[in-house]
Amino acid sequence: GVWRQTRALLFKNCLIKCRTKKSSVQEVLFPLFFLFWLILMSMMHPHRQYGEVANTNLGTLDTSVLVNFVIGYTPPTRMAREIMKKVAFDNFEDGLITEEYLSEEELQEASAFKPSTFVGVVFKDAMSYQLRFPDSVAMSSIYTESR
């Protein structure tokens with residue numbers, strides 16, 4: 001039963017492929033053409049490899065610039081609170097002012113009414129975030145490669 005039906009179906013498909021040679025050749029050659037095109041494009045724009053940067057002492061941070069500096073963040077998760085606590089108290093003697101907001105919209109509204117020393121941090125997940133300055137958005141990236 002099943003074996004005979006499978007053989008008949010395979011035979012039927014072979015007959016169809018033999019009778020429609022043009023479309024059969026296209027089915028094989030188009031993917032190969034696109035694969036060749038992708039390889040050619042990747043060879044024309046190779047990835048840049050960046051070497052290591054030696055450790056350099058950048059000196060002490062001038063904390064006088066950070067007077068009345070406010071950092072707002074959202075969403076108020078446990079991980080975000082820990083990160084912001086570490087930023088505020090471990091790196092600066094006086095600590096920075098941190099404010100948590102329930103949503104990104106609340107953060108944007110607060111940044112509109114705050115002074116230019118306000119920076120928003122939107123945590124996308126535990127490992128990525130966006131910085132929101134009063135007039136722009138900066139994406140976080142550790143390593144940027146050519147596209």
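For clarity, every value in this text was computed on a predicted model and none was experimentally measured.
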With sequence neighbours left out, what residues match [X] under side-chain contact (heavy atoms from CB on, under 4.5 Å)?
X	result
Leu32	Val28, Leu29
Pro76	Thr74, Arg81, Glu100, Leu102
Gln108	Glu104, Arg132
Leu35	Ile39

Legend entry - Non-hydrogen atoms of Ile16 and Thr20 that approach each other most closely: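 Smallest heavy-atom distance, with atoms named: O-OG1, 2.7 Å.
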Legend entry - Residue pair Ala80 / Pro75: nearest heavy atoms and the distance that separates them: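 Heavy atoms only, the tightest pair is CB-O, 3.5 Å.
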For residues [X] and [Y], determine if any side-chain heavy atom of one lies less than 4.5 Å from a side-chain heavy atom of the other.
X	Y	result
Ile83	Phe123	yes
Phe118	Leu107	yes
Val70	Val119	no

Legend entry - Sequence neighbours excluded, every pair satisfying salt bridge (Lys or Arg N to Asp or Glu O under 4.0 Å) that has a member inside residues 5-32: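 Applying salt bridge (Lys or Arg N to Asp or Glu O under 4.0 Å) to every pair that reaches into residues 5-32, excluding sequence neighbours, yields Lys17-Glu27.
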Who are the salt bridge (Lys or Arg N to Asp or Glu O under 4.0 Å) partners of [X], not counting sequence neighbours?
X	answer
Glu52	none
Arg78	Glu82
Glu109	none

Transitive ILVMFWY cluster of [X], excluding itself - 4.5 Å side-chain cut-off:
X	value
Leu38	none
Phe33	Phe30, Phe34
Leu15	Phe11

Legend entry - Asp125: side-chain hydrogen bond (donor to acceptor under 3.5 Å, both in side chains) partners, not counting sequence neighbours: Ser128
